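The block underneath contains the structure these notes are about, expressed in structure tokens.
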Amino acid sequence: MFLSMCLDIAGAGPGGETISAFKQRAAAIEAAEPDVVILAAEGDDGAILPPKLEALVDSSWITGTLRTPCVVAGLPAGHAVPFHVARALSAVDFLSAGRVGWMPIATNGAEFDGAYGETRDDADLVARTDDFILATQALWDSWDEDALIIDKQSGEYLDSTKVRRVDYRGKFYSTMGPLNAARPPQGYPVLVRDVDTVSGAETKADIAIGTVASLAGDDAGIKLIRVDASDAAALADAKAAVAAGTANGLHLTGPAALDALTALRAEAAKPAASAKTARQSLGLDKPANAYVEGALS
Amino acid sequence: MSKEANGRVHLWAFLQGIGFFPGGWRDDKAQPASVFEREYYERVARMVDDACFDAIVFGDQLQGRDAAGRTPGRLAIPTLDPFSLLAAMGSVTKHVGLVATVSTTYAEPAEVAAKFASLNYVTDGRAGWNIVTTAHPNSSWNFGEDELLEKSLRYKRAAGFVDTASHHWQAAAGKAEGAYKNDWFEIENPLTMPTSPQERPVFVQAGQSEDGREFAASCAEAIFCPAPTIEAGKEFRDDMRRRAAEKGRNPDELIIMPGLAFVLGETEEAAKAKHERMIELADVPLCIEYLSESIGYDLTVHDPDGPIPIEEICATCEFPAGMIRGMLTPSVEAGKTLGEHCREYATKPRGHAIFVGTPEQMADRIETWIDAGACDGFTLQPGFMPNELELFCQQVVPLLQERGLLRKSYQGTTLRDHLGIAA
């Protein structure tokens with residue numbers, strides 16, 4: 001049973017959570033040993049919202065101390081830019097030795113639309129998010145995993161035939177590449193989706209979060225049931241669903257999430273000690289590079 | 001905070017990639033593979049923090065390093081996103097400033113404001129923003145655009161961008177609210193983001209053109225620039241101080257930080273020999289790739305011992321052909337081979353000064369420039385990493401501290417404190 005919860009600063013601006021208080025809270029979560037921490041805010045109903053602390057910066061900073069197997073950066077789905085996201089996540093994947101994930105979040109779009117001065121059509125949002133994901137993944141495919149040589153004697157730094165322009169052209173995003181960043185150690189960081197706000201997506205998520213019903217038709221590698229940790233009956237039902245094989249774990253929400261996580265940790269198996277990357281810890285396949293011959297066969 | 005105790009020289013560590021020399025990654029003491037690991041950045045950050053530098057600075061670009069689709073095979077191109085590196089370096093330090101280079105041409109103010117607010121928050125106010133407008137023609141292709149915005153428009157957009165980002169930061173600090181608009185941006189609401197003891201990042205600029213100087217004089221608090229000679233440094237600093245004063249600013253709150261690459265040795269001869277080796281490590285195939293990248297044309301298909309194929313280059317190069325023709329013509333007229341020209345190009349200093357000598361001589365040089373009013377400090381570019389930076393921190397820093405030039409301990413906590421400028 002995998003265990004997940006959100007982490008974001010509790011309040012922003014003057015009178016908001018201080019950095020030392022935030023560090024203490026992160027350390028408490030670390031001590032409870034979740035499998036997945038999603039750097040995102042949480043709505044009263046447990047909905048996952050884009051964070052107040054920007055997650056690309058946060059993920060790079062926090063993975064120095066937070067040893068959680070998978071640390072997921074929550075991104076505003078309507079306004080994130082593939083090139084910027086692809087290279088930042090490449091860096092964080094290297095800096096965290098392969099423990100980063102990413103989650104384009106469609107919820108709370110209006111605040112972002114207003115702040116960016118550009119309104120995204122709700123009807124397009126799922127297609128736009130798919131396109132954003134494909135463009136970002138195409139940029140990761142602009143480098144082969146084994147492109148770097150770094151041989152001081154011969155002077156060969158990389159194999160030029162293993163870095164390429166990808167010329168991705170989608171309905172919403174176009175990007176040429178190559179990315180100015182090497183392919184992430186995990187191939188692609190772990191892709192997380194809230195199926196209750198993004199349904200009908202054509203791209204396949206690695207981790208899906210939703211209800212037993214909304215997760216039923218999803219093809220994600222890992223399914224996590226969103227459950228309010230203070231609702232004992234709901235928690236028992238969710239655990240039973242995981243035990244029955246309907247899902248792979250729980251995404252705990254609400255003020256009781258940390259206590260519930262601590263209690264549940266005792267009964268949930270931990271990832272194998274040999275697991276280094278988030279994909280290894282979660283038992284997820286490493287994606288192939290579409291440009292490498294034989295990789296997709 | 002005592003101004004005297006804060007020192008007379010500002011030091012920034014410019015840490016993009018593996019160092020200043022294109023072939024430097026091949027030195028015995030270079031650690032090119034470790035630049036992909038967190039431990040390397042943590043170690044370097046602590047070293048710079050212990051040496052009381054103002055800040056760590058990374059440059060940035062928004063395109064791969066390929067020329068006509070071919071990525072160089074012999075250049076140690078930096079591949080980890082600098083903003084992410086600075087966040088990681090901030091996690092293990094308590095004082096040193098963290099200056100990220102971010103373009104205003106291919107981003108939106110809300111996104112950039114949120115990233116700097118977050119870096120400021122997690123580091124208790126140590127962020128700086130080197131504001132650039134992107135000059136490489138290939139960058140636009142990565143953002144779904146065919147062409148770069150024209151230069152003067154890029155600077156106008158930059159000014160509107162900075163003002164809009166500032167609205168977000170003021171709102172986060174509780175000093176502004178609601179909608180905001182200028183000629184370039186119109187927003188309905190600021191984004192929710194954290195604030196910090198340093199409400200916004202320190203503004204840094206690097207433009208040399210008339211547009212760049214005017215923009216810097218209006219908003220920059222520190223300027224990164226080339227200054228090959230003491231006279232050039234003084235001319236630039238005087239000019240920028242005059243421009244800032246004309247805009248009603250206190251010129252003392254504009255810190256001029258020319259680049260200074262360096263190679264250190266126990267003796268002058270040892271330093272010179274090491275410098276020679278750095279240049280030798282850039283072999284002809286590497287130099288050909290280096291120029292290829294600089295003009296956006298793949299020169300590796302041509303014979304290095306043959307003539308410079310100027311007409312073929314100008315027909316398809318990705319940079320403006322007029323500019324490239326002007327750059328190549330003197331070598332063509334002198335009858336240089338392609339290999340000869342590339343080697344000269346890749347091993348010349350590119351506008352920045354290179355110091356080669358002993359730690360004592362380097363301390364003398366720094367003191368001379370400061371006393372002459374040629375700069376307020378230096379943006380140090382180690383010949384290669386991390387060894388040259390280590391030598392500087394171990395051998396030059398104590399000399400500067402003994403002479404009362406460099407602070408012996410940090411006198412404040414924010415980057416603005418270290419620069420000695422008001423909030």
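To find a chain, count down the sequence lines: A is the first, B the second, and so on, and within it residues start at 1. What you see is a predicted model, and the numbers here were worked out from it, not measured in a lab.
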Between the main-chain N or O of [Y] and the side-chain N or O of [X], is there a donor-acceptor pair closer than 3.5 Å?
| X | Y | value |
| --- | --- | --- |
| Ser118(B) | Leu53(A) | no |
| Arg38(B) | Ser60(A) | yes |
| Lys152(A) | Asp28(B) | yes |
| Arg74(B) | Ser154(A) | yes |

For chain A, the option from [options] that forms the most heavy-atom pairs under 4.5 Å:
| options | answer |
| --- | --- |
| Gly144(B), Gly69(B), Ala114(B) | Gly69(B) |
| Gly73(B), Gly64(B), Pro190(B), Ala113(B) | Gly73(B) |
| Lys115(B), Arg70(B), Gln61(B) | Lys115(B) |
| Phe143(B), Tyr180(B), Phe185(B) | Phe143(B) |
| Asn142(B), Thr195(B), Ile187(B) | Asn142(B) |
| Val122(B), Leu281(B), Val92(B), Leu191(B) | Val122(B) |

For a 4.5 angstrom cut-off between non-hydrogen side-chain atoms, does [X] reach [Y]?
| X | Y | answer |
| --- | --- | --- |
| Glu111(B) | Tyr116(A) | yes |
| Tyr121(B) | Phe22(A) | yes |
| Tyr157(A) | Leu75(B) | no |
| Asp124(B) | Ile19(A) | yes |
| Lys175(B) | Pro14(A) | no |

For [X], I'd like to know if atom [atom1] has over 12 heavy atoms of other residues, nucleotides or ligands within 6.0 Å.
| X | atom1 | result |
| --- | --- | --- |
| Glu145(B) | CD | yes |
| Asp146(B) | CG | no |
| Glu39(B) | CD | yes |
| Glu145(A) | CD | no |
| Asp45(A) | CG | yes |

> Between Leu62(B) and His84(A), is a side chain to side chain contact (heavy atoms under 4.5 Å, CB included) present by the stated rule, with each step listed?
Replying inline: CA-CA 9 Å; Leu62(B) 293 176; His84(A) 296 317; 3.9 Å; yes
Counting only heavy atoms closer than 4.5 Å, note whether [X] contacts chain B via side chain, backbone, both or neither.
| X | answer |
| --- | --- |
| Thr18(A) | backbone |
| Leu148(A) | side chain |
| Val81(A) | side chain |
| Asp151(A) | backbone |
| Phe94(A) | both |
| Glu118(A) | neither |

So for [X], is it side chain, backbone, both, or neither that comes closer than 4.5 Å to the heavy atoms of chain A?
| X | value |
| --- | --- |
| Ala68(B) | backbone |
| Asp298(B) | neither |
| Pro285(B) | neither |
| Ala173(B) | backbone |
| His168(B) | side chain |
| Pro109(B) | neither |

> What residue, out of Gly117(A), Ala115(A), Ser174(A), has the most heavy-atom pairs lying under 4.5 Å from chain B?
Replying inline: Ala115(A)
> Pick from Gly177(A), Ala147(A), Gly16(A), Ser90(A): which one has the most heavy-atom pairs with chain B under 4.5 Å?
Replying inline: Gly177(A)
Atom [atom1] in [X], atom [atom2] in [Y]: separation rounded to 0.5 Å?
| X | Y | atom1 | atom2 | answer |
| --- | --- | --- | --- | --- |
| Asp8(A) | Thr192(B) | CG | OG1 | 10.0 Å |
| Leu158(A) | Ile77(B) | CG | CD1 | 5.0 Å |
| Leu56(A) | Leu119(B) | CG | CG | 12.5 Å |

For [X] and [Y], work out which heavy atoms get closest and say how close.
| X | Y | answer |
| --- | --- | --- |
| Gly155(A) | Trp25(B) | O-CZ2, 3.4 Å |
| Trp61(A) | Ser91(B) | CD1-CB, 3.4 Å |
| Ser84(B) | Val92(A) | OG-CG2, 4.1 Å |
| Ile9(A) | Pro194(B) | CD1-CB, 3.7 Å |
| Ala88(B) | Leu95(A) | CB-CD1, 4.0 Å |

